[in-house]
Amino acid sequence: MLSANLIEEIKKIQARYHSKKSACMAAMQSVQREKGFLSKDDMTDVARLLEIEPVEVEEVGAFYTMYNVEKPVGRNHVQVCRNLSCSLLGAEHLVRHMEKVLGIKTGQTTKDGKVTLSLVECLGSCGTAPMMQINDDYYENLTEEKVTVILKGLK
């Protein structure tokens, strides 16, 4: 169930768009920012507020990797691009390195809830491959050394 503050925020978001449906992604981002992920009930509530079908919200959540659907992630969500440019420049090797540094496999969260490691499709930074995104920040031209420093510096 969405909080009263979230409902009010989503109503303000709706006012910025010509149609309520256009507010879907921004509304989902607001819910995720407050809750850390989007449950099925959250997506149903967003659909109700936007007066669209729940499946329309679920489709957005399934398509875009920026949404954490159905499952909470750690405080730091490390998303490693596995698309062509990053793969050709060593993303798989870096992922194995990250798994060793973090002590988890991709798709898992550290026991302290600090880091979740995910593989994602293109993050749109092919010219600076290999790269990863942690929460809202991009880290590019990665090497093992850079990755180690970045991961050890996460709070």
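All values derive from a computational prediction rather than experimental measurement.
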Exactly one candidate in I150, L123, L119, L94 meets side-chain contact (heavy atoms from CB on, under 4.5 Å) with M132; the answer is I150
Has T116 got a side-chain atom pairing as donor or acceptor with G74's backbone, closer than 3.5 angstrom?
yes
Under 3.5 Å, side chain of N76 to main-chain N/O of K114, donor-acceptor pair present?
yes
M43 and V60: CA distance, side-chain angles, deciding distance, side chain to side chain contact (heavy atoms under 4.5 Å, CB included) verdict:
CA-CA 10 Å; M43 290 186 282; V60 172; over 6 Å; no
Counting only heavy atoms not in D136 (residues, nucleotides, ligands), do more than 12 fall under 6.0 Å from its CG?
no
Closest non-hydrogen atoms of A23 and I13, given as atom of the first, atom of the second and distance, are CB-CG2, 3.8 Å
Nearest 0.5 Å please: distance from the NE2 atom of H93 over to the CE atom of M98.
10.0 Å
Donor-acceptor contact below 3.5 Å, side chain N135 vs main chain R75
yes
Would you say the side-chain atoms of Q14 pair up with the backbone N or O of L49, donor to acceptor, closer than 3.5 Å?
yes
With a 4.5 Å cut-off on side-chain heavy atoms, are I10 and L2 touching?
yes
Single-linkage hydrophobic cluster, 4.5 Å side-chain cutoff, Y139 and V78 together:
yes
Using every non-hydrogen atom in the two residues, find where C81 and C122 come nearest and quote the distance to one decimal.
SG-CA, 3.8 Å
Minimum heavy-atom separation for S125 to Y138, with atom names?
CB-CE2, 3.9 Å
Can you name the one residue among Q133, Q108, H77 that meets side-chain hydrogen bond (donor to acceptor under 3.5 Å, both in side chains) with S118?
H77
Rounded distance (nearest 0.5 Å) linking atom OG1 of T44 with atom CE of M1:
12.5 Å
Whether D45 side chain and D42 backbone form a donor-acceptor pair below 3.5 Å
no
Separation of K105 NZ from K100 NZ (nearest 0.5 Å):
9.0 Å
Work out which heavy atom in R82 is nearest to a heavy atom in S87; give both atom names and the distance.
O-OG, 2.7 Å
Distance check, rounded to the nearest 0.5 Å: L142 atom CG versus M131 atom CE?
7.5 Å
Look only at the side chain of Y67 and the backbone of M25, and say whether a donor-acceptor pair between them is shorter than 3.5 Å.
yes
For residues Q32 and M66, determine if any side-chain heavy atom of one lies less than 4.5 Å from a side-chain heavy atom of the other.
no
Would you call V80 and L117 a side-chain contact if the rule is heavy atoms closer than 4.5 Å?
yes
Among side-chain atoms of S3 and N5, is any donor-acceptor pair under 3.5 angstrom?
no
Of all heavy-atom pairs linking L102 and V115, the shortest is CD1-CG1, 3.8 Å
I want to check something: taking the side chain as every heavy atom from C-beta on, are R96 and E92 in contact at a cut-off of under 4.5 Å?
yes
Anything under 3.5 Å between a donor and an acceptor, one on a side chain of residues 50-57, the other on a protein residue two or more places apart or in another chain? List them.
{"unit_1": "E51", "atom_1": "OE2", "unit_2": "K20", "atom_2": "NZ", "d": "3.0"}
{"unit_1": "E56", "atom_1": "OE1", "unit_2": "E53", "atom_2": "N", "d": "2.8"}
{"unit_1": "E56", "atom_1": "OE2", "unit_2": "K21", "atom_2": "NZ", "d": "2.7"}

Among L154, V149, T148, find the residue that satisfies the side-chain contact (heavy atoms from CB on, under 4.5 Å) test when tested with L151.
L154
How many angstroms lie between atom OG of S30 and atom NZ of K35, to the nearest 0.5 angstrom?
12.5 Å
Compare every heavy atom of H97 with every heavy atom of V147, then report the nearest pair and how far apart it is.
CG1-CD2, 3.9 Å
Determine whether L38 and I7 fall in the same hydrophobic cluster, where Ile, Leu, Val, Met, Phe, Trp and Tyr are linked whenever their side-chain heavy atoms lie under 4.5 Å apart.
yes
CG on L6 to NZ on K11, rounded to 0.5 Å
12.0 Å
Whether the side chain of E58 engages the backbone of K40 through a donor-acceptor N/O pair (distance < 3.5 Å, no angle test) should be reported.
no
